Amino acid sequence: MSRQKLKVMLDDIHREAESHRWVKHMFSPKITLPQYAMYLRNQLRCYEALETRCFMCNDMLKDLPNIKRAVPISHDLMHPGIPRGKTLPSAGEYAKRVMILNEDQLWAHIYVRHFGDMYGGEMIGKALSKHLPDVGTEYYEFEGKQNMIEYVSAKLTETHEKEARKVFQDAINLYEDLANYYAI
């Protein structure tokens with residue numbers, strides 16, 4: 001199955017995620033450094049869990065070292081002026097859930113999370129550079145995109161739709177937590 005077919009199958013929940021009020025806020029000049037730092041802190045929690053679980057499952061990302069996001073997010077959080085944030089319930093729940101998944105299920109997470117940050121993240125990084133010019137955007141920088149896309153796409157089948165929907169819902173839950181926390 002092509003990645004394109006899976007994308008079409010997930011179009012409804014993908015649109016729901018990308019149109020969430022938190023995502024719109026990230027593109028607006030109203031986003032603040034503490035808000036973005038909280039977002040990064042929670043994304044780091046999710047990626048640490050996901051990438052740890054991938055390592056535990058036959059080091060399944062060993063051929064894709066540049067796809068990993070935990071270290072780039074950590075670097076972005078080290079920029080001067082980035083405040084500490086707390087882990088929100090949705091990120092903690094995601095971290096627990098991902099730790100029991102098998103290798104096949106994890107490919108759906110790589111597809112939704114990493115590809116989402118590869119594509120949508122690139123736009124977020126550009127918007128943030130305008131509104132928060134001193135913030136790091138290493139999180140959104142991927143070297144060797146085409147290789148990553150081909151490698152991950154070869155692992156995907158229509159059986160990944162159900163788990164991919166859960167991953168999108170996990171992202172929506174985090175956006176909801178963030179929006180509620182900041183009354184957006």
Side-chain angles (χ1 to χ4, degrees), residues 10 13-14 16-26 31 33-57 59-61 64-79 82-125 128 135-142 148 152 155-156 160-182 184:
L10 296 166
I13 195 158
H14 183 202
E16 181 182 345
E18 70 184 6
S19 65
H20 193 279
R21 68 188 187 278
W22 174 260
V23 175
K24 291 177 182 179
H25 181 69
M26 286 186 48
I31 189 149
L33 189 57
Q35 291 169 343
Y36 183 62
M38 179 82 83
Y39 170 74
L40 280 181
R41 181 84 43 215
N42 282 275
Q43 287 292 78
L44 178 60
R45 178 72 177 107
C46 293
Y47 273 110
E48 285 175 334
L50 174 57
E51 292 171 2
T52 296
R53 185 62 186 154
C54 288
F55 178 77
M56 294 167 68
C57 289
D59 195 11
M60 59 187 270
L61 299 178
L64 298 171
N66 293 332
I67 202 167
K68 297 175 186 174
R69 297 293 91 195
V71 170
I73 295 169
S74 295
H75 290 170
D76 289 347
L77 283 166
M78 287 190 272
H79 274 65
I82 294 277
R84 300 259 332 142
K86 69 178 199 170
T87 301
L88 296 170
S90 54
E93 290 166 18
Y94 176 81
K96 287 179 196 168
R97 187 172 86 74
V98 79
M99 294 307 287
I100 62 171
L101 300 178
N102 64 41
E103 183 174 341
D104 187 60
Q105 291 169 309
L106 292 170
W107 287 114
H109 291 253
I110 299 301
Y111 170 68
V112 173
R113 288 195 165 273
H114 291 76
F115 281 22
D117 289 329
M118 190 181 295
Y119 291 103
E122 187 174 39
M123 293 182 287
I124 291 170
L128 287 169
V135 75
T137 57
E138 190 176 324
Y139 171 25
Y140 308 112
E141 298 165 11
F142 289 81
M148 292 177 209
V152 174
K155 305 288 186 182
L156 299 172
H160 290 101
E161 179 190 6
K162 183 178 178 183
E163 190 64 30
R165 284 186 175 281
K166 290 179 185 177
V167 184
F168 272 116
Q169 189 58 57
D170 292 329
I172 292 166
N173 293 346
L174 176 57
Y175 300 157
E176 195 64 22
D177 275 357
L178 288 159
N180 290 339
Y181 186 85
Y182 288 108
I184 294 169

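Please read all numbers here as calculations on a predicted model, not as lab measurements.
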**Q.** Rounded distance [0.5 Å steps], CE in M123 versus CD in E18
**A.** 7.0 Å
Q) Heavy-atom distance under 4.5 Å between the side chains of E16 and F168, does that happen here? A) no
Q. Nearest 0.5 Å, what's the CG-NE2 distance between N173 and H20?
A. 8.5 Å
Q) How about Q43 and Y39: does a side-chain donor come under 3.5 Å of a side-chain acceptor? A) yes
Q: Specify whether Y36 and Y140 have parallel, tilted or perpendicular ring planes, treating 30° as the upper limit for parallel and 60° as the lower limit for perpendicular.
A: tilted
(Q) Ignoring hydrogens and geometry beyond distance, is a side-chain donor-acceptor pair present between H25 and Y175 at under 3.5 Å? (A) no
Q.
Any non-hydrogen side-chain atom of F142 less than 4.5 Å from a side-chain atom of E122?
A. no
**Q.** Listed partners of H160 passing ring-ring contact (aromatic ring centres under 6.0 Å, His included), at least two apart
**A.** none
Q | Expected output: side-chain Y182 to main-chain I31 donor-acceptor under 3.5 Å | A | no
Q. What's the shortest heavy-atom distance between N42 and L88, and which atoms?
A. OD1-N, 2.7 Å
Q) Between H114 and E51, do the side chains contain an N or O donor and an N or O acceptor separated by less than 3.5 Å? A) yes
Q. With a 4.5 Å heavy-atom cut-off, do L44 and D76 have their side chains touching?
A. no
**Q.** Lys/Arg N to Asp/Glu carboxylate O, E163 vs R97, below 4.0 Å
**A.** yes
Q: Check whether any side-chain heavy atom of L77 lies under 4.5 Å from a side-chain heavy atom of R41, and answer yes or no.
A: yes
Q) Would you call R69 and D117 a salt bridge, using N to O less than 4.0 angstrom? A) no
Q) Do you know the tightest heavy-atom contact between E48 and A70? A) CG-CB, 4.1 Å
Q: First locate atom CD of E176, then atom CD of Q169, and finally report the distance between them rounded to the nearest 0.5 Å.
A: 9.5 Å
Q. If you look at every heavy atom in P83 and L33, which pair is closest and at what distance?
A. CD-CG, 4.0 Å
Q: Identify the two heavy atoms, one from C57 and one from L106, that lie closest to each other, and give their separation to 0.1 Å.
A: SG-CD1, 3.8 Å
Q.
Using the side-chain contact (heavy atoms from CB on, under 4.5 Å) definition, which of the options L61, L64, I110 pairs with M148?
A. L64
Q) Taking R21 for the side chain and I184 for the main chain, is one N or O donor matched with an acceptor at less than 3.5 Å? A) yes
Q) Which heavy atom in T87 sits nearest to a heavy atom in G92, and how many Å separate them? A) CG2-N, 4.0 Å
Q) Can you check whether L128 reaches Y139 side chain to side chain, under 4.5 Å on heavy atoms? A) no
Q) Do the side chains of L50 and R53 get nearer than 4.5 Å, heavy atoms only? A) no
Q: Would you check if V152 and I67 make a side-chain contact, meaning some heavy-atom pair closer than 4.5 Å?
A: yes
(Q) What I'd like to find out is whether the side chain of M99 reaches to under 4.5 Å of the side chain of L101, using heavy atoms alone. (A) no
Q) Distance-only, no hydrogens or angles: does the D177 side chain make a donor-acceptor pair with backbone N or O of S90 under 3.5 Å? A) yes
Q: Check whether any side-chain N or O of Y94 sits under 3.5 Å from a backbone N or O of A49 as a donor-acceptor pair, and report yes or no.
A: no
